[in-house]
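Please read these numbers as outputs of a predicted model, since none were measured by experiment.
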Amino acid sequence: MPTELDNYLFDLRGYLVLKNAVEPAHVAALNTELDKFRALEPQGWHGNVHRADNFHANGKELQNIVEGGEPFERLIDHPAWLSHMREYVGEAGTFVDGLYIDECFATLRASGGFLPIHSGGHEAIVRTQYRYTRGKFHCGQVNVLVALTDIGPGDGATMVIPGSHHSSLQHPAFKGSFNDRGPMDTVEGAIEMHLSAGDALLFVDALAHGSALRTNPGERRVVIYRYGGSWGATRRGYVYSQALLNRLTPSRRAILQPISPLRAPEPANAV
Ligand SMILES: O=C(O)CCC(=O)C(=O)O
């Protein structure tokens, strides 16, 4: 369970760092699986994993990565953050009690890569909102970003503006369109999240965030799972394969498919 201090700091800053969240053997297994996708071209598919680089400089984005092998399935209900997600997003004790992963992907960022500033409390988007009311958290989307490599200065670290999930005003760095903005290195008030491989950054998506410019050689690897309420839909339209749903434990399946499809019997449902 998140501690009282976790809750206080999550409210204050909009993020938590979970040190050593994923054990080294699991991190190694995730990296080995990711190597399978090294040759995947933009827009290529490998099974049900799709390379979709959604911003030109972000790096390789491997969407629907939960279908990338068993080590990714273990992240769905990982004990290091599952109870945090239930507390912050899960609407526990209500008729919509539960979680749903609406996007999951890995990013492989080489030198020159970065992600511009985006999100922030000023957008007041319900899907990504930070909300604490009547003694409970009701966040729309909380992300867990797991470092699969050490991430330090020059590595293209994730950057956040602590507390910006509470802000009603837009930071002046939100100039022009997302695609025209540069890396976050010079954004006043933003800090780099340096992580060791296996650490996890948990943050409400309403936090203004993005990344620094990667200047070092080599590759920064992270995997990001976004958790929302049980009634959500996948962000980009990916459909979890029946093969994956069939082999998952009930706890994991309930997070990828909290509501089972309910169809009229044949032939009414024939297409
Ligand atoms: O790639 C990063 O460091 C930041 C990820 C991010 O911006 C996001 O999850 O929305």
Side-chain angles (χ1 to χ4, degrees), residues 5-6 9-10 12-32 34-35 37-38 53-62 65 75 80-81 84 105-120 142-165 167 171-176 178-226:
L5 183 62
D6 284 342
L9 294 177
F10 181 68
L12 179 73
R13 299 174 177 160
Y15 71 88
L16 294 174
V17 174
L18 309 176
K19 296 294 293 173
N20 305 311
V22 178
E23 61 173 24
H26 191 175
V27 171
L30 290 160
N31 274 316
T32 301
L34 282 182
D35 289 338
F37 305 105
R38 201 169 266 291
D53 306 345
N54 286 299
F55 173 68
H56 65 90
N58 192 22
K60 288 184 191 168
E61 261 185 64
L62 299 168
I65 196 64
L75 298 179
W81 57 80
H84 290 76
F105 60 105
T107 308
L108 315 182
R109 179 170 298 150
S111 193
F114 69 92
L115 199 62
I117 189 170
H118 56 285
S119 278
V142 177
N143 306 319
V144 66
L145 179 151
V146 181
L148 300 182
T149 52
D150 291 340
I151 303 174
D155 284 336
T158 303
M159 295 189 72
V160 303
I161 303 182
S164 53
H165 56 308
S167 177
H171 193 293
F174 278 81
K175 281 194 296 286
F178 176 78
N179 286 321
D180 297 333
R181 289 177 209 141
M184 276 185 77
D185 304 65
T186 56
V187 172
E188 188 70 33
I191 57 169
E192 288 196 29
M193 302 308 304
H194 294 156
L195 303 169
S196 300
D199 292 348
L201 171 67
L202 184 148
F203 62 103
V204 63
D205 198 78
L207 194 65
H209 62 282
S211 92
L213 177 68
R214 182 169 180 104
T215 52
N216 293 338
E219 188 173 67
R220 186 206 80 156
R221 289 180 167 197
V222 301
V223 61
I224 300 171
Y225 282 31
R226 304 196 196 280

Practice task
Verify, without hydrogens or angle tests, whether Arg109 (side chain) and Gly112 (backbone) share a donor-acceptor contact under 3.5 angstrom.
Solution key: no

Practice task
For Ser164 and Ala208, indicate whether the former's side chain and the latter's backbone hold a donor-acceptor pair under 3.5 Å.
Solution key: yes

Exercise for the section: Check whether any side-chain heavy atom of Leu62 lies under 4.5 Å from a side-chain heavy atom of Phe105, and answer yes or no. Expected result: no

Problem - Smallest separation among heavy atoms of Ala157 and His194, with atom names - result: CB-CD2, 4.0 Å

Handout entry: Backbone N/O of Pro162 and side chain of Arg13: donor-acceptor pair under 3.5 Å
Key = no

Practice task
State, yes or no, whether a side-chain contact exists between Val223 and Ile65 at a heavy-atom distance under 4.5 Å.
Solution key: yes

Handout entry: Ser119 side-chain N/O to His209 backbone N/O, donor-acceptor pair under 3.5 Å
Key = no

Completion exercise
Hits for side chain to side chain donor-acceptor pair (under 3.5 Å) against Arg221, two or more places apart or cross-chain, chain-then-number order -> Asn31, Asp35, Glu219

Practice task
In plain terms, say whether Asp53 and Lys60 are close enough for a salt bridge, that is, a side-chain N and a carboxylate O under 4.0 Å apart.
Solution key: no

Handout entry: Inter-residue atom distance Leu148.CG - Asp199.CG, 0.5 Å rounding
Key = 11.0 Å

Could you give the side-chain donor-acceptor pairs of residues 183-190 under 3.5 Å, partners two or more places apart or in another chain?
unit_1 : atom_1 : unit_2 : atom_2 : d
Asp185 : OD1    : Leu213 : N      : 2.9

Handout entry: side chain to side chain donor-acceptor pair (under 3.5 Å) between Asn179 and His56, intermediate numbers included
Key = CA-CA 8 Å; Asn179 286 321; His56 65 90; 5.7 Å; no

Problem - Whether Asn58 side chain and Leu115 backbone form a donor-acceptor pair below 3.5 Å - result: no

Problem - Closest approach of Ile117 to Ala173 (non-hydrogen atoms, all atoms of both residues) - result: CG2-O, 4.0 Å

Problem - Nearest non-hydrogen partners of Leu207 and Gly14, listed with the distance - result: CD2-O, 3.8 Å

Problem - Min side-chain heavy-atom separation Leu145-Leu202 under 4.5 Å - result: no

Problem - Check: Trp81 and Leu18 side chains under 4.5 Å, non-hydrogen atoms - result: yes

Practice task
Verify, without hydrogens or angle tests, whether Arg220 (side chain) and Ile151 (backbone) share a donor-acceptor contact under 3.5 angstrom.
Solution key: no

Handout entry: Atom of Asp150, atom of Ala197 and distance for their closest heavy-atom approach
Key = OD1-N, 2.8 Å

Practice task
Search all heavy atoms of Ser196 against all heavy atoms of Lys19 and return the closest pair with its distance.
Solution key: OG-NZ, 4.1 Å

Exercise for the section: Check whether any side-chain heavy atom of Val222 sits under 4.5 Å from a side-chain heavy atom of Val146, and report yes or no. Expected result: no

Problem - Sub-4.5 Å side-chain heavy-atom contact between Phe203 and His165 - result: no

Completion exercise
Taken to the nearest 0.5 Å, the spacing of Leu16 CG from Leu201 CG works out to 8.5 Å

Fill in the blank from the handout: Residues passing the ring-ring contact (aromatic ring centres under 6.0 Å, His included) test with Phe114, sequence neighbours excluded, are Phe55

Handout entry: Backbone N/O of Arg181 and side chain of Lys175: donor-acceptor pair under 3.5 Å
Key = no

Exercise for the section: Could you tell me whether the side chain of Leu75 reaches within less than 4.5 Å of the side chain of Leu30, counting heavy atoms only? Expected result: yes

Fill in the blank from the handout: When every non-hydrogen atom of Met193 is compared with those of Val17, the smallest separation belongs to CE-CG2, 3.6 Å

Practice task
Output, in order, the C-alpha distance, side-chain angles, deciding distance and verdict of side chain to side chain contact (heavy atoms under 4.5 Å, CB included) for His84 and Asp6.
Solution key: CA-CA 9 Å; His84 290 76; Asp6 284 342; 3.3 Å; yes

